[in-house]
Amino acid sequence: KLLGRGGMAEVYQGRHTRLDRIVAIKVLPASLAAEADFRQRFEREARAVAALKHSNIVQVFDFGDVEGTYYMVMEFIDGQDLAQTMRAAGPMPLDLVRRLVQGVASALDYAHAQGFVHRDVKPSNVMLEGKPDCSPLSLRPVLTDFGIAKILGGTTGAGAVVGATRTGMVGTLDYIAPEQIRAAGQVDARADIYALGVMVYQMITGRLPFAGDNPGAVLMAHLQQAVPDPRQLMPALPATVAEAIARALAKDPAERFSSAGALAEAMETR
């Protein structure tokens with residue numbers, strides 16, 4: 001059955017007959033499969049994620065094409081994505097935010113150590129595995145969709161880019177790091193830390209740190225506007241957490257945390 005549809009792919013639930021397990025099947029639409037660059041992007045994503053083995057990164061079992069239909073067989077995550085959860089729940093308890101950030105940060109640090117920069121970290125790319133009646137603190141965050149990941153140290157100059165766009169700018173506007181706006185091909189792991197910082201702000205306050213009436217205003221805010229203090233919306237928030245968010249969202253990558261795990265650790269400080 002159809003689980004979801006986006007601009008780049010459709011995702012179905014199915015059964016892997018040889019493994020005898022429920023899986024998610026990501027299919028590239030025929031209209032895109034007809035274009036060589038989209039096919040290459042899809043195949044590179046499959047190869048990239050298949051090489052990553054981490055409990056907080058979606059597992060890829062298989063990929064290929066059948067009569068022009070390109071597919072990827074992945075671990076089925078029984079739950080909903082973080083964006084859906086936030087829309088339903090609004091601001092999240094700090095203990096839950098810390099728990100989720102730990103998992104996503106662990107996934108990112110692992111991917112970065114393997115030479116990958118995700119470049120599209122956002123709530124809709126984080127699945128939360130857990131039963132409806134389970135404790136929120138028992139949810140397993142799983143990072144998905146490496147479709148525009150950059151492979152550092154690749155064989156094509158500065159690195160092979162998984163899913164370069166025709167515009168040159170890649171990522172999602174609300175979560176994009178300033179350097180990703182200026183030169184997407186030059187970003188490193190600190191762009192993912194920035195996006196994670198935006199997610200943390202949003203999870204805690206229920207709002208995005210940078211918003212505007214048009215895309216240009218949002219871009220300029222990422223480039224120039226200081227991050228609002230989340231304590232203006234959540235006065236009881238510990239100063240250490242507010243300071244961690246501000247550091248993660250520093251305009252200069254050199255002023256951010258050196259790892260996603262360091263951001264998660266700073267959030268634990270009382």
Side-chain angles (χ1 to χ4, degrees), residues 82 86 91-92 94 97-98 100-113 115-123 125-126 141 143 148-150 152 158-159 168-212 215-235 237-270:
L82 179 56
M86 289 195 295
M92 304 172 76
L94 182 56
V97 174
R98 284 170 167 153
L100 298 179
V101 170
Q102 284 177 349
V104 176
S106 179
L108 287 173
D109 284 347
Y110 170 80
H112 296 159
F116 294 90
V117 181
H118 191 285
R119 297 203 300 178
D120 200 21
V121 176
K122 58 184 178 181
N125 281 341
V126 177
L143 185 62
I148 61 172
K150 177 183 177 184
L152 299 179
M169 189 180 78
V170 296
T172 299
L173 188 60
D174 288 329
Y175 305 89
I176 196 167
E179 66 273 22
Q180 208 165 335
I181 298 170
R182 291 188 290 263
Q186 304 302 316
V187 302
D188 59 22
R190 293 170 294 184
D192 287 345
I193 294 169
Y194 182 95
L196 181 58
V198 175
M199 278 180 46
V200 172
Y201 184 102
Q202 187 180 14
M203 285 190 281
I204 287 174
T205 67
R207 301 184 187 180
L208 288 163
F210 305 116
V218 178
L219 287 175
M220 292 306 297
H222 282 297
L223 288 168
Q224 299 178 352
Q225 183 179 314
V227 59
D229 191 329
R231 289 172 292 182
Q232 294 175 353
L233 298 171
M234 308 296 287
L237 188 70
T240 50
V241 176
E243 291 163 2
I245 293 172
R247 183 174 175 184
L249 291 175
K251 305 302 181 187
D252 183 352
E255 296 178 2
R256 296 178 204 146
F257 293 99
S258 59
S259 69
L263 166 58
E265 184 177 351
M267 289 182 59
E268 295 291 337
T269 305
R270 304 291 177 177

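- Residues satisfying the salt bridge (Lys or Arg N to Asp or Glu O under 4.0 Å) criterion with Arg256, sequence neighbours excluded, are Glu179.
- For Asp109 (side chain) and Ala260 (main-chain N/O), a donor-acceptor pair under 3.5 Å exists by modelled atom type.
- Residues Asp192 and His112 approach most closely at OD2-NE2, 2.7 Å, considering heavy atoms.
- Proximity of Leu82 to Met92: side-chain heavy atoms (C-beta onward) are separated by under 4.5 Å at one or more points.
- The backbone N or O of Val187 sits nowhere less than 3.5 Å from a side-chain atom of Gln180 that would complete a donor-acceptor pair.
- Side-chain atoms of Thr205 and Gln232, non-hydrogen and from C-beta on, never get closer than 4.5 Å to each other.
- At distances below 3.5 Å, at least one donor-acceptor pair connects side-chain atoms of Asn125 with backbone N or O atoms of Asp120.
- Nearest heavy-atom pair, Leu223 versus Lys251, reported as atom, atom and distance to 0.1 Å: O-CD, 3.9 Å.
- By the 30° and 60° cut-offs, the orientation of the rings of His222 relative to Phe210 is perpendicular.
- Closest approach of Leu263 to Ala244, counting heavy atoms only: CD1-O, 3.8 Å.
- Contact check for Ile245 versus Pro209: no side-chain heavy atoms found under the 4.5 Å cut-off.
- Taking every heavy atom of both residues into account, Leu237 and Val241 meet most closely at CD1-CG1, 3.9 Å.
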Return all side-chain donor-acceptor pairs below 3.5 angstrom for residues 195-204, not counting sequence neighbours, or 'none' if the list is empty.
unit_1 : atom_1 : unit_2 : atom_2 : d
Gln202 : OE1    : Tyr175 : OH     : 2.6

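- Here the CG atom belonging to Asp252 is positioned 7.5 Å from the CZ atom belonging to Arg190, to the nearest 0.5 angstrom.
- To the nearest 0.5 Å, the span separating CE on Met234 from CG on Asp229 amounts to 12.5 Å.
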